[in-house]
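Sequence positions, counted from 1, serve as the residue numbers for this chain.
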Amino acid sequence: MRGPGAAVLRCLGSLLCLWALRLPAGPVAAARGLDVASYRERVRAMFYHAYEHYLESAFPYDELRPLTCDGQDTWGSFSLTLIDALDTLLILGNVSEFQRVVNVLQEGLDFDIDVNASVFETNIRVVGGLLSAHLLSRKAGVEVEAGWPCSGPLLRMAEEAARKLLPAFQTPTGMPYGTVNLLHGVNPGETPVTCTAGIGTFIVEFATLSHLTGDPVFEDVARKALKALWKNRSDIGLVGNHIDVITAKWVAQDAGIGAGVDSYFEYLVKGAILLQDKELMSMFLEYNKAIKNYTKFDDWYLWVQMYKGTVSMPVFQSLEAYWPGLQSLIGDVDNAMRTFLNYYTVWKQFGGLPEFYNIPQGYTVDKREGYPLRPELIESAMYLYRATRDPTLLELGRDAVESIEKISKVDCGFATIKDLRDHRLDNRMESFFLAETIKYLYLLFDPDNFIHNDGSDFDVVVTPYGECVLNAGGYIFNTEAHPIDPAALHCCRKRKEEQWEVEDLMREFYSLKKTKKFTLKRPSDPGEGESAKDPEDAEKTGEKRRSKKSSHSLLSCPSQSFNSKLAVLGQVFLDNT
């Protein structure tokens with residue numbers, strides 16, 4: 001056995017197991033003499049090396065293929081890297097390129113296309129990216145139209161993209177399908193099995209849309225999906241990995257914090273902060289108790305059977321590295337640092353985080369040895385450094401810059417690492433490299449960035465609905481690292497109040513004309529921290545689709561396929577693809 005996870009786990013199936021592994025609780029060696037400004041500029045150079053080669057070799061495709069210097073469409077055909085990189089440009093201070101890209105998107109972005117798109121990925125990358133860019137436009141010197149931030153071309157594009165996703169939510173449970181055709185809606189043969197993250201990762205973007213546009217439908221469907229997952233948790237308080245959105249039966253019953261589940265927990269916390277919603281936070285805190293009780297072993301988090309709590313997979317996944325950052329958001333900094341140090345030791349072992357890491361053996365899992373330049377550990381380092389100023393966190397940033405440049409940099413960008421054991425490369429550069437990995441690295445090394453504003457600086461914007469305070473800090477990053485200004489959600493409230501006044505007048509008018517009581521449904525206000533009312537279920541549509549035989553894979557997760565090993569209806573299977 002090798003590496004930091006080399007302790008022997010004596011009884012994997014028992015909740016009474018104790019780990020022999022012990023890691024130091026305090027910080028490891030400090031980052032002596034680390035030149036923060038120098039590393040910040042190296043990160044800036046990394047961004048432009050990747051971004052300029054995307055523009056030269058891959059645009060208008062979604063992503064750059066750095067080994068062949070060409071492009072490919074991956075998640076739809078949206079010029080996705082351009083959308084994902086837009087707010088990173090502003091964080092790096094490049095307002096002129098931000099303005100140019102906004103014009104390019106206004107002229108060329110089209111959602112009326114016959115493409116099957118991931119509901120999850122389109123939301124976090126496209127809707128989230130456009131919303132963030134819309135709210136940052138004025139700061140970037142874009143000439144905004146009257147009524148901004150309650151109107152604007154980027155907001156209209158975000159709304160159009162989100163409306164293309166709404167048919168996926170028309171199920172008996174309110175939980176969405178994983179894929180939707182942007183032109184025709186949900187395909188008749190679409191699999192009803194969606195991963196938990198693909199159901200519970202909408203409240204940040206959709207609530208923001210509802211607040212800015214005055215249309216409650218987006219927040220309504222996002223809340224209904226969240227509540228459906230909550231309703232279907234197990235008796236011991238855990239959720240599984242994949243669920244049938246028609247029947248609400250759990251298909252994959254592994255419970256954990258990683259792939260297929262991760263951003264559901266993230267959005268309960270971030271949604272609670274964004275909306276000041278006690279109900280969402282209470283949901284997360286209940287989950288957090290169950291996670292600690294059943295999945296946590298000596299500051300590692302394993303996968304367990306959701307009904308029994310017995311260990312099903314003693315693995316760490318690279319996607320789980322967001323968890324220390326999430327812990328810091330709820331103030332659990334000590335536990336966050338201990339878990340972060342566990343994960344950091346894996347990074348130091350390989351120069352990156354493998355997709356799967358076998359904790360007892362202390363090594364990679366077969367066929368899961370790659371590192372697609374994911375941001376999660378760097379994201380946690382940024383959050384924790386803001387909370388603690390522990391120099392160990394800067395060390396991780398230094399190691400990330402050094403290893404990515406050494407292993408992944410090629411003439412035409414940065415390539416996914418296919419195998420961390422021998423540093424073989426794959427011909428792909430995911431858009432999240434520019435949206436998240438570079439952004440979090442830069443923010444780690446740029447303590448004075450406007451994103452870190454403590455509220456001492458702000459803008460007062462005059463809108464048709466009154467004065468509005470913006471850019472005062474407290475940005476909420478969606479799971480693709482697109483920052484949302486929470487203050488903006490309060491800018492457009494008067495529009496809804498005026499809408500209600502009109503409806504009240506209509507109600508009075510009709511009550512005078514008719515003898516029976518006339519009822520006009522009043523949209524719920526998503527800004528008061530109360531649950532929005534659920535939209536009507538499309539029962540007939542759901543029943544019709546249920547009878548169709550799916551031509552797709554039974555298990556489909558739009559965020560990241562949760563392969564290697566899963567328990568399906570109580571049976572374990574291996575993925576040999």
Residue from D244, I246, V245 passing side chain to side chain contact (heavy atoms under 4.5 Å, CB included) with M175: V245

So, E63 and T74: side-chain donor and acceptor under 3.5 Å apart, yes or no? yes

Under the side-chain hydrogen bond (donor to acceptor under 3.5 Å, both in side chains) test, which residues partner Y475, sequence neighbours left out? N471

Roughly how far apart are D84 CG and E480 CD, rounded to 0.5 Å? 4.0 Å

In terms of side-chain geometry, is the basic nitrogen of R374 or E436 positioned less than 4.0 Å from the acidic oxygen of its partner? no

Rounded to the nearest 0.5 Å, how far does CZ of F450 lie from NE2 of H452? 10.0 Å

Measure from the ring center of F47 to the ring center of Y442 and say whether it is less than 6.0 Å. no

Supply the atom-to-atom distance S210 OG to D215 CG, rounded to the nearest 0.5 angstrom. 6.0 Å

What about the rings of Y177 and F169, do their centers lie closer together than 6.0 Å? no

Please list all pairs meeting side chain to side chain donor-acceptor pair (under 3.5 Å) that have one or both residues in residues 152-161, counting only residues at least two apart or in different chains. E145-R156, E159-R163

Under 3.5 Å side-chain donor-acceptor pair for N241 and D254: no

Say whether, by atom type as modelled, one donor and one acceptor occur between the side chain of T463 and the main chain of W148 under 3.5 angstrom. no

Can you confirm whether or not the ring centre of Y287 sits under 6.0 Å from the ring centre of Y264? yes

Any carboxylate oxygen within less than 4.0 angstrom of a Lys/Arg side-chain nitrogen, looking at D277 and R223? yes

Listed by chain and number, what are the side-chain hydrogen bond (donor to acceptor under 3.5 Å, both in side chains) partners of W323, not counting sequence neighbours? Y301

Parallel, tilted or perpendicular: rings of H211 and H490 (30°, 60°): perpendicular

dist F414:CZ -> L373:CG (nearest 0.5 Å) comes out at 8.5 Å

Decide whether S263 and T201 meet the rule of one side-chain donor and one side-chain acceptor closer than 3.5 Å. yes

Within-4.5 Å side-chain heavy-atom neighbours: D87 and P483: yes

Using atom types as modelled and distance alone, determine if a side-chain donor or acceptor of K439 lies under 3.5 Å from a backbone N or O of L434. no

Basic-acidic side-chain contact under 4.0 Å: R428, E430: yes

When you check the side-chain N and O atoms of D70 and S57, is any donor under 3.5 Å from an acceptor? no

Indicate whether any N or O donor in one side chain lies under 3.5 Å from an N or O acceptor in the other, for Y267 and E205. yes

Over 60° means perpendicular and under 30° means parallel, so classify the ring planes of Y54 and F59, tilted if in between. perpendicular

Name of the residue among T122, D112, N181 meeting side-chain hydrogen bond (donor to acceptor under 3.5 Å, both in side chains) with K164: D112

Any donor-acceptor pair under 3.5 Å linking the side chain of S79 with the backbone of L82? no

Could you go step by step and tell me if F477 and Y440 meet the ring pair (Phe, Tyr, Trp, His ring centres under 6.0 Å) rule? CA-CA 11 Å; F477 287 101; Y440 286 132; 5.5 Å; yes

Contact between L64 and H53 at the side-chain level, heavy atoms closer than 4.5 Å - yes or no? yes

